[in-house]
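Have a look at the structure below before the remarks.
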Amino acid sequence: KNRYQRVRLQMPSPSVRPLDGAFGAEVTGLDLSSPMDAETKATMNQAFLDHIVLVFRDQDLTAEEYRDSMAQFGEPMLQHNERFRLPETPMVSRIINREKMRPASMWHTDHTNHERPPKATVLYARKLPSKGGDTCFANMYAGLDNLSSDSRAVIDGKLTINHLEQDNPNYTDRDRDQYDKAVRQPMIRTHPETGKQALYFHVTKALGIEGMEQEKVRPFLEDLLSQSIKPENMLRHHWQLGDVVMLDNRCTMHRADPEYDMTEERLLWRIILRGDRPV
């Protein structure tokens with residue numbers, strides 16, 4: 001670790017390079033295990049707002065360093081699946097293709113069942129399959145623009161009603177007592193920092209939409225996804241060990257691509273940063 005840090009100190013100043021796609025940027029030359037100065041922090045925060053997904057390359061972090069580095073961007077918050085929290089660092093959770101954790105293969109935005117869902121989700125590659133295991137992202141500013149006028153009219157002013165999924169066996173009774181509260185969230189969300197509007201929902205946690213018959217909710221949400229997410233507003237991330245990826249949970253959706261050899265372990269560490277009450 002010490003040898004690694006000495007090498008990292010010789011790296012040039014951080015640089016931000018747009019990715020070859022509709023959005024996203026790669027950050028190089030930044031060692032997240034060290035505190036950022038005020039200028040670097042301001043640069044990274046603006047890059048996050050501008051690009052909505054940031055990829056920090058070549059990181060070598062303990063769980064504590066990972067937690068502390070992300071705390072420079074916002075307040076880490078507990079995740080609602082306590083079984084997968086790291087015991088010594090509970091703000092860090094495991095995303096793993098083991099222990100009956102289901103791959104999050106549906107497009108979604110995280111933790112909509114919280115009154116103040118995360119402003120950012122951060123993923124850190126710890127173990128990867130030899131091939132595949134990508135994560136895909138979608139720009140939901142553009143996703144909202146992609147909707148038909150009829151669909152846009154239907155969701156204008158509408159609220160989803162969010163719960164923990166009833167069929168997920170990994171949630172404990174304590175998870176359900178704390179985080180299954182029928183939280184209402186707007187389907188069109190105004191970003192608190194950019195002022196732009198984005199399509200906003202979690203397809204499996206939105207068990208209801210106010211004013212809509214229950215049996216129509218899931219087909220309606222799936223139709224919105226088919227309209228809103230197109231190749232031109234998608235980004236596919238091919239993981240490398242040491243990648244830390246931070247996504248703006250207020251204006252993106254993401255999904256894990258499950259098309260890889262499940263006999264090989266895929267392990268990401270995840271931190272979420274507390275956001276504002278969506279409006």
Side-chain angles (χ1 to χ4, degrees), residues 21-24 52-53 80 102-121 134-168 179-237 247-259 272 275-279:
F23 61 96
I52 70 177
V53 172
H80 54 228
R102 298 183 299 192
S105 58
M106 296 286 289
W107 289 106
H108 65 283
T109 184
D110 281 337
H111 286 53
T112 54
N113 58 303
H114 292 238
E115 292 283 348
R116 291 176 58 191
K119 74 173 189 178
T121 294
D134 299 343
T135 301
C136 302
F137 305 94
N139 178 341
M140 300 314 291
Y141 292 140
L144 182 62
D145 292 338
N146 288 343
L147 295 183
S148 70
S149 57
D150 287 346
S151 294
R152 176 70 181 257
V154 170
I155 68 172
D156 191 27
K158 285 288 195 299
L159 302 175
T160 56
I161 304 168
N162 294 268
H163 295 264
L164 292 176
E165 297 89 343
Q166 295 304 306
D167 63 345
N168 189 332
Y179 302 116
D180 197 0
K181 302 294 186 180
V183 173
R184 286 161 169 77
Q185 304 288 14
M187 297 193 72
I188 299 176
R189 179 177 185 175
T190 301
H191 196 291
E193 295 183 80
T194 67
K196 298 192 291 185
Q197 291 187 318
L199 184 61
Y200 183 75
F201 63 85
H202 190 305
V203 68
T204 61
K205 287 187 169 61
L207 301 187
I209 296 174
E210 288 191 340
M212 183 175 290
E213 297 173 13
Q214 181 69 40
E215 65 272 14
K216 295 181 179 179
V217 171
R218 183 63 176 268
F220 179 70
L221 294 178
E222 290 178 350
D223 179 63
L224 291 182
L225 291 176
S226 68
Q227 290 184 53
S228 62
I229 300 178
K230 307 293 184 183
E232 56 267 26
N233 67 315
M234 285 176 51
L235 171 69
R236 176 179 286 271
H237 181 65
L247 55 131
D248 194 327
N249 202 56
R250 302 161 293 188
C251 60
T252 67
M253 289 191 186
H254 61 283
R255 61 178 290 271
D257 187 342
E259 298 300 320
I272 56 175
D276 299 311
R277 183 73 175 89
V279 296

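Atom set for the values below is all heavy atoms of this structure, side chains included, hydrogens, waters and symmetry mates excluded.
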Which heavy-atom pair separates Asp223 from Ser151 by the least distance, and what is that distance? OD2-OG, 4.3 Å

Could you list all the side chain to side chain donor-acceptor pair (under 3.5 Å) pairs where at least one residue sits in residues 152-161, not counting sequence neighbours? Arg152-Gln197, Thr160-Asn162

With under 30° as parallel and over 60° as perpendicular, where do the rings of His114 and Tyr179 fit, or are they tilted in between? parallel

Determine, stepwise, if the pair Ile155 / Leu199 fulfils side-chain contact (heavy atoms from CB on, under 4.5 Å). CA-CA 9 Å; Ile155 68 172; Leu199 184 61; 3.6 Å; yes

Looking at side-chain heavy atoms only, is the closest gap between Arg277 and Gln185 below 4.5 Å? yes

Do Val154 and Leu147 have side-chain heavy atoms sitting under 4.5 Å apart? no

Please list, chain by chain and in numerical order, all residues satisfying side-chain hydrogen bond (donor to acceptor under 3.5 Å, both in side chains) with Asp134, sequence neighbours excluded. Arg236, His238

How far does CE of Met234 sit from CD of Glu232, to the nearest 0.5 angstrom? 10.0 Å

Side chain to side chain, Lys181 and Asn113, heavy atoms closer than 4.5 Å: no

Do Leu225 and Met253 touch side chain to side chain, with heavy atoms closer than 4.5 Å? yes

Using 0.5 Å steps for rounding, measure from the CG atom of Asp110 to the NZ atom of Lys119. 15.0 Å

How many angstroms lie between CG in Leu224 and CG in Leu144, if you round to the nearest 0.5 Å? 10.0 Å

Does the pair Ser228 and Asn146 meet the rule for a side chain to side chain donor-acceptor pair (under 3.5 Å), with working shown? CA-CA 5 Å; Ser228 62; Asn146 288 343; over 6 Å; no

Please find the pair of heavy atoms, one from Phe220 and one from Ile209, that lie closest to each other, and give the distance. CD2-CD1, 3.8 Å

Candidate list Thr252, Asn233, Thr194, test side chain to side chain donor-acceptor pair (under 3.5 Å), partner Tyr141, passing option: Thr194

Kindly say whether Ser105 contributes a backbone atom to a donor-acceptor pair with the side chain of Arg255 at under 3.5 angstrom? yes

The complete set of ring pair (Phe, Tyr, Trp, His ring centres under 6.0 Å) pairs with one or both residues in residues 184-210, sequence neighbours excluded, reads His108-His202

Taking the side chain as everything from C-beta on, heavy atoms only, tell me whether Met187 gets closer than 4.5 Å to Leu221. yes

Which residue, Asp248, Thr109, Ile229, forms the side-chain contact (heavy atoms from CB on, under 4.5 Å) with Met140? Ile229

Could you pull out the closest heavy-atom pair between Thr121 and Pro118, with the gap in Å? OG1-CG, 4.5 Å

Pairs flagged by salt bridge (Lys or Arg N to Asp or Glu O under 4.0 Å) wherever residues 185-200 is involved - sequence neighbours left out: Glu193-Arg250

For Gln166, give me all partners under side-chain hydrogen bond (donor to acceptor under 3.5 Å, both in side chains), at least two apart in sequence or on another chain. Asp180

On a heavy-atom basis, the closest approach of Gly275 and Arg116 is O-NE, 2.8 Å

Considering all heavy atoms, the nearest Phe137-Phe23 contact: O-CZ, 3.7 Å

Taking side-chain hydrogen bond (donor to acceptor under 3.5 Å, both in side chains) as the test, write out the residues that go with Glu165, two or more places apart. Tyr171, Thr204, Lys205

What heavy-atom pair brings Gln214 and Gly208 nearest, and what distance separates the two atoms? OE1-CA, 4.3 Å

